[in-house]
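Following: one structure in structure tokens, then a few remarks.
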2 protein chains.
Amino acid sequence: MARKSKIQSDRPTLVDVAREAGVSAITVSRTIRSPEIVSERARRKVEEAIRKLGYTPDPAASALASRSTSTIGLLVPSLTNNVFADVLRGVYEGVEGTRFFVQIGNYRYSALSEEGLIRNFLSQRPAGLIVSSMDQTPAGRKLLEEAPCPVVQIMETSVDSVDMSVGFDQLEAVRAAARHVAECGYRRPGFLSARMDPRAQRRLAAFREVAAAHDMLDEARIITTPQPSSVGMGRHLLEQLLARAPETDAVICNNDDLAVGALMEAIRRNIAVPEQLGICSYNDIEMARHMVPALSAVATPRREIGRRAIAMLLAEIEAPGSVRERHIDLGYELVVRESTSSR
Amino acid sequence: MARKSKIQSDRPTLVDVAREAGVSAITVSRTIRSPEIVSERARRKVEEAIRKLGYTPDPAASALASRSTSTIGLLVPSLTNNVFADVLRGVYEGVEGTRFFVQIGNYRYSALSEEGLIRNFLSQRPAGLIVSSMDQTPAGRKLLEEAPCPVVQIMETSVDSVDMSVGFDQLEAVRAAARHVAECGYRRPGFLSARMDPRAQRRLAAFREVAAAHDMLDEARIITTPQPSSVGMGRHLLEQLLARAPETDAVICNNDDLAVGALMEAIRRNIAVPEQLGICSYNDIEMARHMVPALSAVATPRREIGRRAIAMLLAEIEAPGSVRERHIDLGYELVVRESTSSR
DNA sequence: ACGCACGATGACAGCGCAATCATTTTGTCT
DNA sequence: AGACAAAATGATTGCGCTGTCATCGTGCGT
């Protein structure tokens, strides 16, 4: 019945540290959170006591008392998609060394799932939130708009975003690919796309638009699947495309997995790339440039998006309203390699 | 000065719900956590009130009061490495639909960083922990041993593990690759490895052992780099290998990125695979089987490791001590495709 | 030397929930 | 019908920390 009968592994608390250091609990709290407002002498004593006792703050208690956490929520539609692996890398580079840490939520391309995660994350009072699209459910969007923390939407950018945004013009990027293919002289391009989320849909629409403008649109050459993207799927989609439209002379792939798969299938079939078939990829992950032939692609600034997103978020957390540029367009780059060529 | 002067966006609490439902706060708490012990009538009233007020529990308060959370910590050495992307997928499949959620910590192959993350995670009182190696610092290992929650170590398996383990015999897997290469009749095999973490080191040692046993070991044919693995690095390492040891007739790659890179470099150089150069990969991510020629590889059960790890962990959390098989060896599989062949 | 401002420190209450034990209600058996 | 067990519910307290104020000391200007 002893007041302090610790059952097991009970960690030292602020009070224990305070007693050890001969100061009050709140002074300990302050030496941890804002050492600069504590006297040199007190700080040293407290630091010594912390080390001696092996004290670690309890984030739950801190969150409860302060009504805020050091968690940055990051919602991504996929963990296997290399695109988001690169974004992740950028984000992690940015949080490193700060007091914040990232919590990842994977909604697997389900807007409903995303809404649930938004709700879940917000219930934890995060310091900030990064979400990977503009395509929330209405309820999801509302939650974000009313969120008591800064929010950055990534991948695309728009002044209509909930709060801040970092990305690039996905449609213009696809148009650049389509124009490139047309300018090379290919006249019967196809389009391969997997995982038809809203963004993929919009990119397809952008392709249709440019293809039509060049009078080279044929719906028979547009092959899509709701299934996940993979190299195998790229082979399979090219197989379908060639079965339906053997006249196809180029193919734009909605991401690198598909492009690599399409390239491999073409090689299997002894179709000469780029002579008989041009291939243009999207995103340009590392592997693409090393294929033989090296893949031409629209390179997207995935890692930089992660970096900038976290930078904006942290700045806005530290000083709300301080971020001037709230919508950043990082652009894209058409990288012409060996898988397309003028003819 | 009103007691309940809410500044902003203050969410309803248990007490608010209780008042609305005409029951006590603890009854609300119970309908949420263990509905089966609450009467049908009370449950309905509470659920109605929750819906009406849009109540969400505060996880911080819950964690503080109960001294435990629903967080599962998952420590991985890399987020870009496809190996862990697959593990992640398996883990996510397993937590889905449970009350738990996964928090990922990326220690970027730094044992010191890992120790910090272990400390950090444990301070949050996680429900369980999954760590991706056996190579913790002594302090890190001690922390895990004394952790007040179940711990699963993955990728390798050993009765010496801290608590539970799921994996396979990495050394035997590499030996299988080396034996396969020898049995094909290759006599001057090389070994390519990036990111020389302890596990990669051990695998290299296993290769040396088998190569020596077959009297085909030559240190000049072992090319390693501490830098991260990538397709480009695979090309680069093969280039180095061929410069140092042009007689090389096969190469075992410590993972798929390197193998794909090596294959591409071989194709660039018009080296016939598998006739002039055999290539055997490790892990066998999806892409490997679609290359031309398709890569022979030792396939590792990454996704299944994730699945089993989370399953064990959840079982152990629900009923401590209930898990019988605490060390699971999932084996590996040698998949012979086109990049190696008998000669 | 006095008063003032500011830096440094502390006392106290309460964040929202769950553990614990007490109490009431309900059902069951003789 | 009465006694008892079991189920259902509730009152109280405290988890470990931080917000808010109050208090104390120190250096400074005049």
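In the text below, chain A, chain B and the rest are named by the order of the sequence lines, each starting its count at 1.
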So B:A60, base contact, sugar-phosphate only, or nothing? Heavy-atom distance under 4.0 Å.
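Nothing, no nucleic acid heavy atom in range.
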Just call it for A:A42: base, sugar-phosphate, or nothing, with non-hydrogen atoms closer than 4.0 Å on any strand.
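Sugar-phosphate, no base atom in range.
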Roughly how far apart are A:R307 CZ and A:I305 CD1, rounded to 0.5 Å?
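Between atom CZ of A:R307 and atom CD1 of A:I305 there are 11.5 Å.
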Nearest whole Å is fine: how far is [N] [atom2] from [X] [atom1]?
X: A:R19; N: C:dG10; atom1: CZ; atom2: C1'; result: 16 Å
X: B:R41; N: D:dA7; atom1: CZ; atom2: P; result: 19 Å
X: A:R43; N: C:dT9; atom1: CZ; atom2: C1'; result: 15 Å
X: A:D58; N: C:dC17; atom1: CG; atom2: P; result: 16 Å
X: B:L64; N: C:dG14; atom1: CG; atom2: P; result: 16 Å
X: A:Q124; N: C:dC17; atom1: CD; atom2: P; result: 14 Å

So, does A:R67 get its side chain near the phosphate of C:dG16, meaning an N or O under 4.0 Å from OP1 or OP2?
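Yes, such a contact exists.
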Is B:S24 close enough to D:dG10 that one of its side-chain N or O atoms is under 4.0 Å from OP1 or OP2 there?
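B:S24 to D:dG10 OP1/OP2: side-chain N or O found under 4.0 Å.
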In residues 26-40 of chain A, which residues come under 4.0 Å of DNA chain D by heavy atom?
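By residue number: A:I26, A:S29, A:R33.
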Between [X] and [Y] (side chain of the first, backbone of the second, donor and acceptor by atom type, cut-off under 3.5 Å), is there such a pair?
X: A:E156; Y: A:G167; answer: no
X: B:S66; Y: B:S62; answer: yes
X: A:D16; Y: A:T13; answer: yes

If the threshold is 4.0 Å, N to carboxylate O, is there a salt bridge linking B:E145 and B:K142?
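Salt bridge between B:E145 and B:K142, a charged N being under 4.0 Å from a carboxylate O: no.
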Would you mind telling me which residue lines up with the more 5' stretch of DNA chain D, B:G22 or A:L14, judged by nearest nucleotide?
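Nearest-nucleotide comparison on DNA chain D picks B:G22.
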Starting from the C-alpha separation in whole Å, work towards a yes-or-no answer on side-chain hydrogen bond (donor to acceptor under 3.5 Å, both in side chains) for B:T27 and B:S24.
CA-CA 5 Å; B:T27 298; B:S24 72; 3.2 Å; yes
Which heavy atom in B:C149 sits nearest to a heavy atom in B:P126, and how many Å separate them?
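What the structure gives for the nearest pair is CB-O, 3.5 Å.
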A:A65 has a side chain; which of D:dT18, C:dC17, C:dG16 sits nearest to it?
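In terms of side-chain proximity for A:A65, the closest of D:dT18, C:dC17, C:dG16 is D:dT18.
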